[in-house]
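Okay, so here's the structure we're looking at.
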Amino acid sequence: MDENPGLHPHSCTLENRSGVKLTGVREMISFDENQVVMDTDLGLLTIKGKELHVSRLSVEQGEVAIEGTVDNLAYSSNEAYRRAGQSFLARLFG
């Protein structure tokens with residue numbers, strides 16, 4: 001996967017499972033109190049937990065801060081996200 005050689009490389013700092021600070025975020029895909037999904041320079045990042053809320057969001061700077069109890073951090077390729085929007089037949093024969 002090509003990295004974005006921008007001013008803000010991707011970093012992820014987990015603080016005592018009660019908060020996450022991120023840089024290199026391209027887009028916030030979805031968020032609720034149990035899950036946050038965002039597109040980063042290194043792929044999609046899904047954060048699962050309890051009572052999650054976005055306390056800082058600066059898309060221009062690529063910075064995000066999330067508070068709440070973090071149970072899981074998982075990266076996946078951006079390709080999986082793009083393909084999820086396709087029809088079943090397009091995914092089957094694509």
Side-chain angles (χ1 to χ4, degrees):
M1 175 177 286
D2 294 316
E3 289 187 40
N4 182 4
L7 296 174
H8 308 286
H10 180 63
S11 70
C12 177
T13 305
L14 177 64
E15 300 173 349
N16 296 321
R17 289 189 57 196
S18 63
V20 179
K21 292 182 182 177
L22 302 140
T23 61
V25 175
R26 295 179 180 180
E27 177 184 5
M28 183 68 69
I29 305 296
S30 67
F31 61 91
D32 62 34
E33 65 181 20
N34 298 311
Q35 178 173 285
V36 179
V37 181
M38 62 197 85
D39 185 11
T40 74
D41 290 342
L42 299 179
L44 288 181
L45 173 59
T46 301
I47 300 172
K48 294 183 180 181
K50 297 175 189 72
E51 299 177 8
L52 300 175
H53 65 277
V54 178
S55 60
R56 174 172 165 70
L57 173 60
S58 173
V59 176
E60 298 82 25
Q61 298 296 315
E63 298 174 350
V64 174
I66 298 168
E67 295 177 353
T69 303
V70 176
D71 293 330
N72 184 300
L73 294 156
Y75 286 90
S76 60
S77 72
N78 291 359
E79 184 63 27
Y81 170 67
R82 285 188 212 105
R83 290 177 60 86
Q86 295 177 342
S87 71
F88 172 74
L89 291 176
R91 284 183 276 157
L92 183 63
F93 296 108

Separation of [Y] [atom2] from [X] [atom1] (nearest 0.5 Å):
X	Y	atom1	atom2	result
N16	T69	CG	OG1	11.5 Å
D39	L45	CG	CG	10.0 Å
T40	R26	OG1	CZ	7.5 Å
K50	R17	NZ	CZ	7.5 Å
M38	S30	CE	OG	9.0 Å
S55	I66	OG	CD1	8.0 Å

Which atom of [X] lies closest to which atom of [Y], heavy atoms considered:
X	Y	value
L52	Q35	CD1-N, 3.9 Å
T23	P9	OG1-O, 2.7 Å
L42	Y75	O-CD2, 4.4 Å

Which residue is it: E15, E63, R56? I am looking for the one with a side chain to side chain contact (heavy atoms under 4.5 Å, CB included) to K21.
E15
What residue among V20, V37, D71, V64 forms side chain to side chain contact (heavy atoms under 4.5 Å, CB included) with I47?
V20
Go through H10 and L22 one step at a time and tell me if the side-chain contact (heavy atoms from CB on, under 4.5 Å) criterion holds.
CA-CA 7 Å; H10 180 63; L22 302 140; 4.1 Å; yes
Is it the case that atom CG in N72 sees more than 12 heavy atoms from other parts of the structure closer than 6.0 Å?
yes
